[in-house]
Amino acid sequence: MQDLDEFTVTEAALAQMAKTPDPRLKEIMDAAVRHLHAFAREVRLTPAEWLTGIQFLTAVGQACTPFRQEFILLADVLGVSALVNAMHDKKARELGTQSSLLGPFYREGAPELPRGASIVAKPSVPEIVIYGRITNNQGAPIPNALVQVWQTSEHGLYDLQAENAAEVMDLRANFRADADGHYHFRTVRPLGYSIPMDGPVGEMVRQQNRHGFRPSHIHFLIGCEGYRELVTALYFADDEHIDSDTVFGVSGSLVVNAKEDPDSPIPGLKAVRYDFRLAHAEAGDTGRVGADPSKLMKAAE
Ligand code: BEZ
Ligand code: FE
């Protein structure tokens, strides 16, 4: 008969899990139990607080829909997604463009548009051009790379936040790089925005006295056979929240300005030039932190 106290219960839980056949699952679950128990001891967690935590996680799950992933949002505001990205970048075989969060608004199946097209159905401000090259880490072009982009409008909302989200695809598109790795498209400068604050994660962020904003940015998911998929974003330097992103996605190497540019493929519009570098792939290495929310809902069914 075991006689357990607040310390020996940790050993007992680890002992029961000791025969887990999958070594990686065992490593992860052992560490999770050790750290969770240490956390509960450190804060002297009470039963009422434990229940509050359970209620919070229940609400996070209940807020998830095919168009909203509240658990990803939770990982983001706690800095976990940025941490996983940073470790993932470090593990690459060679240096590529830095990763940034996929976020909860990625969606598969955006329309593929010809180079130079606009991703905005009804722009109400002058458009800008985003252009550059997709290369390997030596600067050699990666022809035909798939460049998926998505962003908020000039008013700060994603299409997925519209009431009729299921029917609308806007402010997102897929492009193919040309034979020299060149890509370009038109868009509007996105407005920085608040993360969704109407759910349990937003309520937590408010209780922590945080502003909840992300600086203006454009998301990119760039892939090509044989290369590590790159999930990243470009951030506009003059946004007031550039140094206090609620989800810790900004890195100096991803900060840009839209400016007059005589080399732009579309003269007369302000432009951002950015060259993306992809690292070669390792087996089983997708590079994604996050997923299309509808895919996650399907996988959980
Ligand atoms: C986004 O960039 O779309 C995003 C990322 C994390 C949380 C909320 C939004
Ligand atoms: Fe975003």
Side-chain angles (χ1 to χ4, degrees), residues 60-61 63-86 88 97-108 110 119-120 128 130 147-162 165 168-174 185 187-206 208 210-222 229-237 239-251 254-256 272 274 287-296:
V60 170
C64 293
T65 72
F67 304 107
R68 176 169 186 157
Q69 231 310 324
E70 196 80 355
F71 274 112
I72 293 183
L73 189 60
L74 178 59
D76 293 343
V77 302
L78 296 179
V80 177
S81 309
L83 167 65
V84 173
N85 273 339
H88 174 76
T97 298
Q98 259 182 294
S99 296
S100 189
L101 309 185
L102 187 79
F105 297 112
Y106 170 66
R107 197 173 190 181
E108 287 182 359
I119 68 169
V120 190
I128 60 173
I130 314 290
V147 181
Q148 302 184 57
V149 298
W150 67 104
Q151 64 168 76
T152 56
S153 68
E154 61 273 42
H155 309 297
L157 286 176
Y158 284 95
D159 59 356
L160 280 177
Q161 293 172 298
V168 186
M169 278 261 190
D170 193 11
L171 299 150
R172 61 180 77 233
N174 300 345
F185 63 92
T187 185
V188 291
R189 190 192 140 133
L191 193 67
Y193 60 92
S194 166
I195 62 157
M197 293 292 278
D198 57 344
V201 173
E203 180 53 32
M204 183 191 79
V205 165
R206 254 192 303 274
Q208 294 169 332
R210 298 161 70 181
H211 57 59
F213 275 84
R214 295 217 68 203
S216 166
H217 61 275
I218 302 175
H219 292 273
F220 290 81
L221 201 169
I222 303 174
E229 206 171 45
L230 173 66
V231 176
T232 194
L234 298 181
Y235 295 89
F236 288 86
D239 189 288
E240 64 176 306
H241 299 111
I242 194 76
D243 291 320
S244 61
D245 182 7
T246 304
V247 298
F248 314 100
V250 181
S251 314
L254 301 175
V255 174
V256 296
V272 171
Y274 200 91
R288 265 194 214 179
V289 177
D292 184 322
S294 63
K295 278 269 159 83
L296 290 176

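Counting starts at 1 for both ligands and their atoms, following the listed order. Reckoned from all heavy atoms, side chains included, excluding hydrogens, waters and symmetry mates. None of these values were measured; they are calculated from a predicted model.
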For this session: Mark up the atoms of ligand 1 that fall under 4.0 Å of a heavy atom belonging to Phe105, in ascending order.
Result: 3 (O), 9 (C)

Exercise. When you measure from the side chain of Thr65 to the backbone N and O of Arg68, does any donor-acceptor pair fall under 3.5 Å?
Worked result: yes

Exercise. Can you find a side-chain donor-acceptor pair between His88 and Ser99 that sits under 3.5 Å?
Worked result: no

For this session: Taking both backbone and side-chain atoms into account, decide whether Tyr193 has an N/O/S atom under 2.8 Å from the Fe ion (ligand 2).
Result: yes

Seminar exercise, completed: closest protein heavy atom to atom 2 (O) of ligand 1 is Arg214 NH1, 2.6 Å

Problem set entry | Residue and atom name of the nearest protein heavy atom (relative to atom 6 (C) of ligand 1), distance in Å to one decimal | Asp76 OD2, 2.9 Å

For this session: Mind running side chain to side chain contact (heavy atoms under 4.5 Å, CB included) on Leu230 and Leu221 for me, showing each step along the way?
Result: CA-CA 6 Å; Leu230 173 66; Leu221 201 169; over 6 Å; no

Exercise. Is the backbone N or O of Ser216 less than 3.5 Å from a side-chain atom of Asp239, with the two atoms forming a donor-acceptor pair by type?
Worked result: yes

For this session: Can you sort out which atoms of ligand 1 are near Leu73, meaning under 4.0 Å from one of its heavy atoms?
Result: 7 (C), 8 (C)

Problem set entry | Mode of Tyr193 contact toward ligand 1 - side chain, backbone, both, neither (heavy atoms, under 4.0 Å) | side chain

Exercise. Do any of the N/O/S atoms of Tyr158, backbone or side chain, fall under 2.8 Å from the Fe ion (ligand 2)?
Worked result: yes

Exercise. Does a side chain donor of either Arg214 or Tyr235 reach within less than 3.5 Å of an acceptor in the other side chain?
Worked result: yes

Problem set entry | Angle subtended at the Fe ion (ligand 2) by His217 NE2 and His219 NE2, rounded to 10 degrees | 90°

Exercise. Would you say Gln208's side chain and Arg210's backbone share a donor-acceptor pair under 3.5 angstrom?
Worked result: no

Problem set entry | Which of the ligand 1 atoms, numbered from 1, are nearer than 4.0 Å to a heavy atom of Val247 | 6 (C), 7 (C)

Exercise. Rounded to the nearest 0.5 Å, how far apart are CE of Met197 and CE of Met204?
Worked result: 9.5 Å

For this session: May I ask you to list the atoms of ligand 1 that are less than 4.0 angstrom from any heavy atom of His219?
Result: 1 (C), 2 (O), 3 (O)

Problem set entry | Element-labelled atoms of ligand 1 that are located less than 4.0 Å from some non-hydrogen atom of Tyr158 | 1 (C), 2 (O), 3 (O)

Exercise. Is a side-chain donor or acceptor of Thr232 paired with a backbone partner of Gln98 at a separation under 3.5 angstrom?
Worked result: yes

